[in-house]
Amino acid sequence: MRHVSEVINGLKPEILMIFIQFSYAGMNIFYKLAANDGMNLRVLVAYRWIFSTAFIAPFALFFDRRKRPKLTWMILVQAFLSGLFGGMLAQNLYVESLVLTSATFAAAITNLIPAITLILATTFGLEKLELKTTVGKAKILGLSIGIGGAMLLTFYKGVEIKIWSTNVHLLKHSHQIRKSHFTAKHIVGSSLALGSCISYAMWLILQTKISKGYPCHYSSTALMSLMGSIQCVTLSLCLDRNWNQWKLGWNVRLLTVAYAGIVTSGLVVTLIAWCVRIRGPVFVASFNPLSLVLVAIAGSLLLEEKLHLGREQHIRGRTDSVWIILGAMGSKQRDEGKT
């Protein structure tokens with residue numbers, strides 16, 4: 001029994017990352033539903049971080065009250081950048097790409113996150129490729145497959161695959177999404193999704209620095225959420241001053257912002273900060289492709305999104321995550337061997 005407990009405790013980062021990807025999959029579905037309901041996406045993202053701040057702040061005040069380091073200007077700057085890359089840029093770019101393409105397609109482009117994170121981590125000296133080793137070769141192979149797979153998913157659409165069919169269609173006017181032509185909207189959506197991936201990767205790299213100088217995950221998440229709220233509200237008010245968009249009723253809009261704020265920002269960001277501190281940014285990023293499979297299944301079952309070889313069906317792209325996970329684990333095992 002003790003051995004089982006030790007094994008589960010050792011797998012805690014992996015278990016948490018799988019939970020995080022399930023949470024992200026749910027967020028994709030809620031985002032699509034809220035957008036279909038006519039909610040302004042910038043307002044949605046702003047509410048997300050407002051709800052996150054309100055949720056996580058009490059935990060920060062209670063659990064970190066005795067161990068919280070002194071708040072310095074450097075920490076505030078890092079929190080501002082964390083809110084900028086992980087909050088305003090990553091989320092606003094992502095939800096815009098989500099509407100221009102599809103829930104499955106937007107999730108597919110996130111396959112680039114492990115590759116981008118690996119490049120940035122290597123550039124900043126947080127990760128070593130070590131090309132002569134098996135681990136290093138695995139990382140390069142995973143990076144190549146990730147980039148090539150994302151390009152294939154962007155420009156190629158094959159035949160439709162009918163695996164399952166349900167009578168649950170949550171989107172209104174679902175017939176409008178059945179056409180899937182590669183138009184300028186897909187190009188713009190792909191570009192926005194790429195920008196979101198770069199911003200998210202930058203945020204993961206930044207988390208490595210923050211977790212060392214300010215190792216209070218509740219407090220760091222609260223600071224990031226506060227900064228993200230200010231930035232997103234400012235952006236939304238500058239671009240759209242329609243106050244009716246800020247009204248929330250007992251509907252899918254309230255459910256979406258509550259779920260996104262409490263679960264995928266308040267809880268998930270705290271868990272990611274912990275995982276980054278334990279295993280590093282590349283390990284965390286390597287689990288992102290898992291959400292694609294989950295979103296593809298949920299999108300097909302609930303949103304009437306069709307699966308295709310290529311653009312809408314992306315099972316082959318799973319190989320890149322396997323190689324990068326192996327590389328990240330190999331680096332960890334080698335580091336433990338040195339100590």
Side-chain angles (χ1 to χ4, degrees), residues 20 23-57 79-103 105-107 109-110 113 188-204 206-207 221-249 251-270 272-273 288 291 295:
I20 288 170
S23 302
Y24 279 155
M27 179 192 69
N28 275 270
I29 302 302
F30 278 119
Y31 270 7
K32 197 70 175 181
L33 293 175
N36 186 71
D37 192 58
M39 187 175 187
N40 185 293
L41 296 177
R42 287 183 291 271
V43 173
L44 190 158
V45 174
Y47 266 126
R48 168 179 176 170
W49 293 108
I50 292 173
F51 272 66
S52 175
T53 304
F55 170 75
I56 203 67
F80 176 84
L81 293 176
S82 184
L84 178 65
F85 289 113
M88 188 182 76
L89 289 178
Q91 296 305 317
N92 277 288
L93 292 175
Y94 183 79
V95 294
E96 291 290 347
S97 70
L98 186 68
V99 173
L100 291 175
T101 55
S102 70
F105 181 81
I109 298 300
T110 61
I113 291 179
V188 175
S190 300
S191 301
L192 294 176
L194 176 61
S196 175
C197 292
I198 296 174
S199 298
Y200 186 83
M202 287 293 296
W203 174 70
L204 287 178
L206 188 61
Q207 285 301 304
T221 302
L223 284 174
M224 172 192 169
S225 299
L226 178 61
M227 295 295 182
S229 300
I230 296 173
Q231 294 166 3
C232 291
V233 169
T234 302
L235 176 66
S236 181
L237 293 178
C238 289
L239 298 180
D240 188 359
R241 298 184 181 181
N242 183 6
W243 293 103
N244 291 326
Q245 287 290 340
W246 292 86
K247 294 181 180 179
L248 295 176
N251 50 30
V252 69
R253 299 188 182 192
L254 177 61
L255 183 60
T256 298
V257 297
Y259 177 88
I262 295 174
V263 179
T264 59
S265 287
L267 179 60
V268 165
V269 170
T270 304
I272 288 178
N288 267 77
S291 66
V295 171

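The backbone N or O of Leu84 lies less than 3.5 Å from a partner atom in the side chain of Gln231, making a donor-acceptor pair. Side chain of Arg48 to main chain of Thr264: a donor-acceptor pair is present (N/O by atom type, distance under 3.5 Å, no hydrogens or angles). At distances below 3.5 Å, at least one donor-acceptor pair connects side-chain atoms of Ser97 with backbone N or O atoms of Tyr94. The backbone N or O of Met88 sits less than 3.5 Å from a side-chain atom of Asn92, completing a donor-acceptor pair.
Inter-residue side-chain proximity for Ser82 and Gln207 is flagged as met; some heavy-atom pair is nearer than 4.5 Å. Within the 4.5 Å cutoff, no side-chain heavy atoms of Leu41 are placed close to those of Val45. Counting heavy atoms from C-beta on, the side chains of Tyr259 and Ile29 never come closer than 4.5 Å. By the 4.5 Å heavy-atom criterion applied to side chains, Val233 and Trp246 are counted as neighbours. Residues Met224 and Phe80 form no side-chain contact, since every pair of their non-hydrogen atoms from C-beta on lies 4.5 Å or further apart. Two residues are said to be in side-chain contact when any heavy atoms from C-beta on lie closer than 4.5 Å; Asn242 and Asn40 fail this criterion. In this structure, Gln245 and Arg253 have side chains that are in contact, with non-hydrogen atoms separated by less than 4.5 Å.
A donor-acceptor pair shorter than 3.5 Å can be found between the side chains of Thr270 and Thr221. A donor atom on one side chain and an acceptor atom on the other are not found under 3.5 Å apart for Ser265 and Trp49.
Considering every non-hydrogen atom in both Thr256 and Ala34, the closest pair reads OG1-CB, 3.7 Å. Considering all non-hydrogen atoms of both residues, Leu93 and Ser196 come closest at CD1-N, 3.7 Å. Between Gly249 and Leu254, the shortest heavy-atom distance links the atoms O-CB, 3.1 Å.
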As a quick check of understanding, evaluate side-chain hydrogen bond (donor to acceptor under 3.5 Å, both in side chains) for Ser225 and Ser52, giving each step before the final call. CA-CA 6 Å; Ser225 299; Ser52 175; 2.7 Å; yes
Criterion side chain to side chain contact (heavy atoms under 4.5 Å, CB included) on Val268 and Tyr24, from CA distance to verdict: CA-CA 9 Å; Val268 165; Tyr24 279 155; 3.7 Å; yes
Applying side chain to side chain contact (heavy atoms under 4.5 Å, CB included), run through Leu204 and Phe85 and close with a yes or a no. CA-CA 9 Å; Leu204 287 178; Phe85 289 113; over 6 Å; no
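How far CG of Leu267 is from CD1 of Ile272: 10.0 Å, rounded to the nearest 0.5 Å. Rounding to the nearest 0.5 Å gives a distance of 10.5 Å between CE of Met227 and OG1 of Thr53. In this structure, CD1 on Ile198 lies 10.5 Å from CD1 on Ile113, to the nearest 0.5 angstrom. The distance from the OG1 atom of Thr234 to the CG atom of Leu239 is 10.5 Å, given to the nearest 0.5 Å.
Every residue two or more places apart in sequence or in another chain that forms a side-chain contact (heavy atoms from CB on, under 4.5 Å) with Leu255 is listed here: Phe30.
Of the candidates Leu248, Val43, Ile50, Leu248 is the only one forming a side chain to side chain contact (heavy atoms under 4.5 Å, CB included) with Val257.
Between Phe51 and Tyr47, the ring-plane angle classifies as perpendicular under the 30° and 60° cut-offs.
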